[in-house]
**Student:** 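Okay, here's the structure, questions in a sec.
Labels below follow one simple rule: chain letters A, B, ... track the order of the sequence lines, proteins then strands, and each chain is numbered from 1.
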Number of protein chains: 2
Amino acid sequence: MSSAALVPVFAALGDETRWSILAALGEGDASASALAERLPVTRQAIAKHLAVLAEVGLVEPVRVGREVRYRVLGAELSATAARLDAVGRDWERRLAAIKEIAEGL
Amino acid sequence: MSSAALVPVFAALGDETRWSILAALGEGDASASALAERLPVTRQAIAKHLAVLAEVGLVEPVRVGREVRYRVLGAELSATAARLDAVGRDWERRLAAIKEIAEGL
DNA sequence: ATCACCTGCAACTCAATAGTTGCAGAAGAT
DNA sequence: ATCTTCTGCAACTATTGAGTTGCAGGTGAT
């Protein structure tokens, strides 16, 4: 089941640095230390971001020996997108209905 | 064209109060003052949120006499959802490819 | 056993932002 | 013309969060 609250997911996605991290993970799993070599922030900052991303289910930790690699979960992203789309369509539908009533049809 | 940067849109959607506002607007256009009567925050706070939402194209101001009503743009939400889904699918695809290579297929 | 490296926790700084109050100004209503 | 009401601007507070440095603890490699 992947239905954490919707809003925290967007809050997690509302940060450029986290997108850099997600983009980097999109090219293969990596640890916080490995990511720190490619990004202009410290390992600890990245670790915090990864914790946020893991909290909302966008990323998943995988122990490999003494390091902890992270895997991006694209499916969760798509699921979130689906829910967002549903909300958007619902509002469009309801507002269209209101408009018709207002026009006296 | 509705392609503002993607990240600020998520940042805008990462706030509970703004979702309350969007939900209220989903039941019909309303002004900041009208919204302030239904929500537990001041009009000015709502005005700021509406400015943020308008900035990223999720909402649109409409002058009606001396008041300014806001209309929620569900289509923009759906467009954002589509872009999000595309990113998610892309990552899944790439990671699946990497996995196959790693397994020596 | 020792060394190197990676993770995790804690304390701190600084900037951004959600929220407030207060006031000035413009546009309908009477 | 006056009164009401709605909007917009400005200053201020407080909280959150991004980022840092420093250090302690484990785990694999030699």
Side-chain angles (χ1 to χ4, degrees), chain A residues 4-25 27-73 80 102, chain B residues 4-25 27-72 102:
Chain A
L6 196 59
V7 180
V9 179
F10 292 123
L13 291 175
D15 183 278
E16 296 282 359
T17 302
R18 279 195 281 270
W19 276 95
S20 312
I21 292 174
L22 289 172
L25 290 180
E27 297 175 4
D29 302 354
S31 67
S33 296
L35 290 169
E37 291 175 0
R38 310 176 48 182
L39 300 177
V41 287
T42 60
R43 174 184 64 86
Q44 288 82 348
I46 291 178
K48 286 186 185 177
H49 285 304
L50 287 170
V52 172
L53 292 170
E55 181 70 24
V56 299
L58 287 174
V59 112
E60 185 185 44
V62 180
R63 286 211 70 104
V64 177
R66 71 178 157 184
E67 60 184 329
V68 180
R69 294 194 188 151
Y70 286 82
R71 159 172 305 149
V72 66
L73 299 175
T80 301
Chain B
L6 196 59
V7 180
V9 179
F10 292 124
L13 291 174
D15 183 278
E16 295 282 358
T17 302
R18 278 194 283 267
W19 275 94
S20 312
I21 293 173
L22 289 172
L25 290 180
E27 296 175 5
D29 302 355
S31 67
S33 297
L35 290 170
E37 292 175 0
R38 309 177 49 182
L39 300 177
V41 288
T42 60
R43 173 184 65 86
Q44 288 83 347
I46 292 178
K48 285 186 185 179
H49 285 303
L50 286 171
V52 172
L53 292 170
E55 181 72 22
V56 298
L58 287 174
V59 110
E60 185 186 46
V62 181
R63 288 210 69 105
V64 177
R66 73 177 155 183
E67 61 184 326
V68 179
R69 293 191 188 154
Y70 286 83
R71 159 174 305 148
V72 67

**Student:** Could you give the CZ-to-P distance, from B/R69 to D/dT5, as a whole number of Å?
**Tutor:** 17 Å

**Student:** Who pairs with B/A11 by side-chain contact (heavy atoms from CB on, under 4.5 Å), at least two apart in sequence or on another chain?
**Tutor:** none

**Student:** Mind checking what makes side-chain contact (heavy atoms from CB on, under 4.5 Å) contact with A/A47, not counting sequence neighbours?
**Tutor:** none

**Student:** Holding to salt bridge (Lys or Arg N to Asp or Glu O under 4.0 Å), I want the full list of residues that pass it with A/R69, two or more places apart in sequence or in another chain.
**Tutor:** A/E67

**Student:** I need the residues from residues 11-19 of chain A with at least one non-hydrogen atom less than 4.0 Å from DNA chain D; give them sorted by number, or say none.
**Tutor:** A/D15, A/T17, A/R18

**Student:** Across nucleotides 22-30 of chain C, 5' to 3', mark each nucleotide with B, S or - according to how protein heavy atoms within less than 4.0 Å reach it.
**Tutor:** B----BB--

**Student:** Supply the atom-to-atom distance A/L50 CG to A/R43 CZ, rounded to the nearest 0.5 angstrom.
**Tutor:** 11.0 Å

**Student:** What pairs with A/E60 under side-chain contact (heavy atoms from CB on, under 4.5 Å), at least two apart in sequence or on another chain?
**Tutor:** A/R71, A/L73

**Student:** Tell me the side-chain hydrogen bond (donor to acceptor under 3.5 Å, both in side chains) pairs involving residues 6-24 of chain A, sequence neighbours left out?
**Tutor:** A/R18-A/H49

**Student:** If you compare all heavy atoms of B/I46 against all heavy atoms of B/L39, which two are closest, and at what distance to 0.1 Å?
**Tutor:** CD1-CD1, 4.1 Å

**Student:** Could you give the angle between the helix axes at the two ends of the helix from C/dA1-D/dT30 to C/dT30-D/dA1, with five pairs per end, rounded to 10 degrees?
**Tutor:** 30°

**Student:** Scan residues 46-53 of chain B against DNA chain C and write down, sorted by residue number, each residue with any heavy atom closer than 4.0 Å; if none is found, say none.
**Tutor:** B/K48, B/H49

**Student:** If you check the B/T42 side chain, which of C/dT20, D/dG19, D/dC6 turns out closest?
**Tutor:** C/dT20

**Student:** How close do B/G14 and A/V7 get, heavy atom to heavy atom, and via which atoms?
**Tutor:** C-CG1, 3.7 Å

**Student:** Minimum heavy-atom separation for B/A5 and B/P8, please, with both atom names.
**Tutor:** O-CD, 3.4 Å

**Student:** Quick one: are A/V59 and A/I21 in side-chain contact, heavy atoms under 4.5 Å?
**Tutor:** no

**Student:** Residues in side-chain contact (heavy atoms from CB on, under 4.5 Å) with B/E27, at least two apart?
**Tutor:** A/R94, B/R38

**Student:** Minimum heavy-atom separation for A/A12 to A/V52, with atom names?
**Tutor:** CB-CG1, 4.0 Å

**Student:** What residues form a salt bridge (Lys or Arg N to Asp or Glu O under 4.0 Å) with B/R66, not counting sequence neighbours?
**Tutor:** none

